[in-house]
Amino acid sequence: MANKILVTGGLGYIGSHCVVALCEAGYEPVIVDNHSNARASVLERLERLTGRELSCFDIDIRNRAGLETLLQREPCQGLIHLAAFKAVGESVAQPLRYYDNNVGGSVSLFDAFDAAGGGAIVFSSSATVYGDVEAKSLHENMPVQPTNPYGQTKAMIEQVLADMVRARDARSRGLALRYFNPAGAHDSAIIGEDPKDAPNNLFPIIVQVAVGQRERLTIFGEDYDTPDGTGVRDYIHVVDLAQAHVKALTVLLSGGFDAPFTALNLGTGTPYSVREVIAAFEAELSRKLPQTMGERRPGDVATLVADPSAAMAQLGWRAERGLEAMVRDAWRWAGAARQWGLWDEDT
Ligand code: WQD
C-alpha cells in the first residue's frame, strides 16, 4: 500500500511537478487545491502524464473542518504544503490577506494534519526569508530577516512548524525547503508555469514577450553591484525542485533527520544575471527579444544565490539541470500551451 501524501497547492506550478515526482517515486498524492491560481485543465493533464486517476479536493487550507474530514477519509503519512499567495508586491499592498491565507491557513492545515495522526511535513519556504543580504551565497545559518509581508509569512510558518514539531507530544517532523528561483517545465511539455494572474517573475515574462503576448521586456535596473549591473539570481529547474521534495519526504518518513525541524536551501549555487537569462532565451530562439532598460524594482536586491551544500549533505540531493534546460523546457511548454489554447482560456 503506497504512502499517501497530502499535497496542498497540488495543481499549481511547483505542486503539479511535485505530484508527478511523487507518483514516479511510488507515493500516492492526495491533492488539495482551491483553484485560486490553477487552471481547471491541470488535473486532466496530470492524470494523462502520470497515467493514473488522481484524488483532488477543492478545499481551502483555512477550512480546518474540511481538512479534518478529508484526512479521516484519506489518512496521509506525509504532507507537502505548497498552497500560498506568493506575489511580493501584492503582499505589500494586501498584508492581511497574505497573513490570513498563508499563516492562518498553515496553522489550520498543520493542526488538522496533526489531529489526524501527524507524520512527515515538508513546507515550501523561500529564499525571501533571508531579506536584503549582500552576500555572494546564502547559508541556512544566516539570519531570517524578511523585508516584505510575503517573506514574513514564510518565516512565520517556518517558526510555527518548528514549534509544533518540537513540542513534547509532537507526532510530526518538519522540513522547510527555501526555494531560490524556480524556472522551466516538465520535459513532456504537458505541465509548466501557467499562472492565472499576470506573472511577476522574469522567466514567464520573457516567455510572454517571446510569444508576442507582451510588447517588450523591461530590465529592472543595470546599476547593481553585479558583473553586468543587472540582478543576479539562482535559477533552479522546477523538476529538480520537485525531486528534492520527494527526497526530503522520503528522508523524513524514514526518520532520517536528527532534529525534529530543519530548513534547507534549494538552489544550484550557480548565479545568472538578467542579461544572461535573456541571452539564453535569444540563443534558444535564434532571435533578439525586444527589451528596454527601466528603473530598479522596489524591494529587489542585487544578488540572491544559494549555498546548496546542506541539501547535498542531508538529502543526498543536488540540482542536475542548468539554465539551458530551464530555457528549453520553458519554451517547449509555451509552445504546447499556446497550441492547446490554454492561454486563451479565462478559467
Ligand atoms: C528575477 C530578476 C528582477 C522581471 C521572486 C520572489 C521570490 C520567489 C521567486 C516565491 C530580478 C529581474 C524581473 C522583469 C526584470 N517567489 N526582472 N524584469 O524577485 O528574484 O524572486 O520570485 O517564492 O520569493 O521574490 O524573481 O523573477 O521576479 O526577478 O528585470 O520583468 O529579474 O529585477 O533581478 P525574484 P523575479
Side-chain angles (χ1 to χ4, degrees), residues 9 12-15 17 37 81-92 98 101-102 123-134 138 144-155 157-158 176-184 193 195 197-210 213-238 241 245 263 265-268 271-281 289-306 323 326-327 330:
Y13 175 39
I14 313 296
H17 288 82
N37 194 23
H81 175 30
L82 301 147
F85 295 152
K86 69 173 191 83
V88 170
E90 185 183 61
S91 78
V92 174
Y98 270 66
N101 183 70
N102 292 4
F123 167 57
S124 162
S125 188
S126 167
T128 313
V129 303
Y130 293 112
D132 187 352
V133 185
E134 287 306 335
L138 298 175
V144 169
Q145 47 187 17
T147 56
N148 58 69
Y150 163 74
Q152 198 63 262
T153 67
K154 290 296 185 179
I157 301 163
E158 284 195 12
L177 297 177
R178 293 173 179 170
Y179 304 171
F180 279 69
N181 287 61
E193 189 159 14
D197 307 325
N200 301 292
N201 293 132
L202 180 64
F203 260 71
I205 287 175
I206 292 179
V207 167
Q208 284 188 329
V209 171
Q213 275 185 339
R214 188 184 287 247
E215 191 177 342
R216 68 171 57 83
L217 171 74
T218 301
I219 299 175
F220 294 147
E222 59 172 349
D223 59 349
Y224 285 104
D225 179 16
T226 62
D228 66 15
T230 63
V232 169
R233 295 293 185 271
D234 183 332
Y235 297 95
I236 176 170
H237 197 293
V238 66
L241 197 72
H245 284 69
N265 289 338
L266 289 189
T268 65
Y272 284 110
S273 73
V274 176
R275 280 211 168 94
E276 287 173 318
V277 173
I278 296 169
F281 268 95
L289 290 173
Q291 55 202 272
T292 182
M293 188 51 64
E295 294 301 311
R296 289 185 176 194
R297 180 173 63 178
D300 273 355
V301 297
T303 301
L304 261 179
V305 174
L323 181 64
M326 291 179 228
V327 168

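Atom set for the values below is all heavy atoms of this structure, side chains included, hydrogens, waters and symmetry mates excluded. Start at 1 and go down the list; that is how both ligands and their atoms are numbered.
For ligand 1, the atoms lying closer than 4.0 Å to a non-hydrogen atom of Ile205 are 31 (O). Residue Ile219 approaches ligand 1 through these ligand atoms, each under 4.0 Å from one of its heavy atoms: 30 (O). Near Asn200, with a cut-off below 4.0 Å to any heavy atom, the atoms of ligand 1 are 4 (C), 28 (O). Listed by atom number, the atoms of ligand 1 under 4.0 Å from Leu217 heavy atoms are 31 (O). Applying the 4.0 Å criterion to heavy atoms of Ser126 picks out, from ligand 1, the atoms 23 (O), 24 (O).
Under the 3.5 Å distance criterion, with hydrogens and angles disregarded, no donor-acceptor pair is assigned to the side chains of Thr147 and Asp132. In this model, a donor atom of one side chain and an acceptor atom of the other lie less than 3.5 Å apart for Asn265 and Tyr130. Checking Thr268 against Tyr235 by side-chain atom types alone, no donor-acceptor pair falls below 3.5 Å.
With a 4.0 Å heavy-atom cut-off, ligand 1 is reached by no atom of Tyr272. Residue Phe203 does not touch ligand 1, judged by heavy-atom distances below 4.0 Å. Contact annotation for Thr218 and ligand 1: only backbone heavy atoms (N, CA, C, O) come within less than 4.0 Å of the ligand. When heavy-atom distances to ligand 1 are checked against a 4.0 Å cut-off, Val277 has no atom that comes that close, whether in backbone or side chain. Residue-level proximity to ligand 1 for Asn201 is carried by backbone and side chain together, each with a heavy atom below 4.0 angstrom.
Atom CD of residue Glu158 and atom OG1 of residue Thr153 lie 10.5 Å apart, to the nearest 0.5 angstrom. To the nearest 0.5 Å, atom CG of residue Asp300 and atom CD of residue Glu295 are 12.5 Å apart. Annotation: the span from His245 atom NE2 to Leu82 atom CG amounts to 5.0 Å, rounded to 0.5 Å. Rounding to the nearest 0.5 Å places CG of Asn181 at 7.0 Å from CG of Asn201. From Asp234, atom CG reaches atom CG of Leu304 across 9.0 Å, with rounding to the nearest 0.5 Å. Here NZ of Lys154 is found 12.0 Å from CZ of Arg178. Values are rounded to the nearest 0.5 Å.
Given atom 35 (P) of ligand 1, the protein heavy atom at minimum distance is Asn181 ND2, 3.5 Å. Nearest non-hydrogen protein atom to atom 34 (O) of ligand 1 is Gly231 CA, 3.5 Å. Protein heavy atom at the shortest distance from atom 29 (O) of ligand 1 is Arg297 NH2, 3.3 Å. Among protein heavy atoms, the minimum distance from atom 7 (C) of ligand 1 is reached at Thr128 OG1, 3.4 Å. The nearest heavy-atom contact from the protein to atom 6 (C) of ligand 1 is Val88 CG2, 4.0 Å. Summary of contacts: the protein heavy atom closest to atom 32 (O) of ligand 1 is Val274 CG2, 3.5 Å. Protein heavy atom nearest atom 33 (O) of ligand 1, with residue, atom name and distance: Asp300 OD2, 2.6 Å. Scanning the protein heavy atoms around atom 17 (N) of ligand 1, the nearest turns out to be Phe220 CD1, 3.7 Å.
Shown here are the side chain to side chain contact (heavy atoms under 4.5 Å, CB included) partners of Thr128, two or more places apart in sequence or in another chain: Ser126, Asn148, Tyr150.
For atom 10 (C) of ligand 1, the candidate residues are Tyr13, Tyr150, Tyr235, Phe180; the nearest heavy-atom contact is made by Tyr150.
The distance criterion of under 3.5 Å between nitrogen or oxygen atoms is met by Leu202 with respect to ligand 1. At under 3.5 Å, a nitrogen or oxygen of Arg233, whether backbone or side chain, sits near a nitrogen or oxygen of ligand 1.
When each of Glu90, Gln152, Lys86 is checked for a side chain to side chain contact (heavy atoms under 4.5 Å, CB included) with Tyr98, only Glu90 meets the rule. Screening Leu323, Leu217, Leu289, Val209 against Phe281 for a side chain to side chain contact (heavy atoms under 4.5 Å, CB included) leaves a single residue, Leu289.
For the pair Arg214 and Ile205, the minimum side-chain heavy-atom distance is below 4.5 Å.
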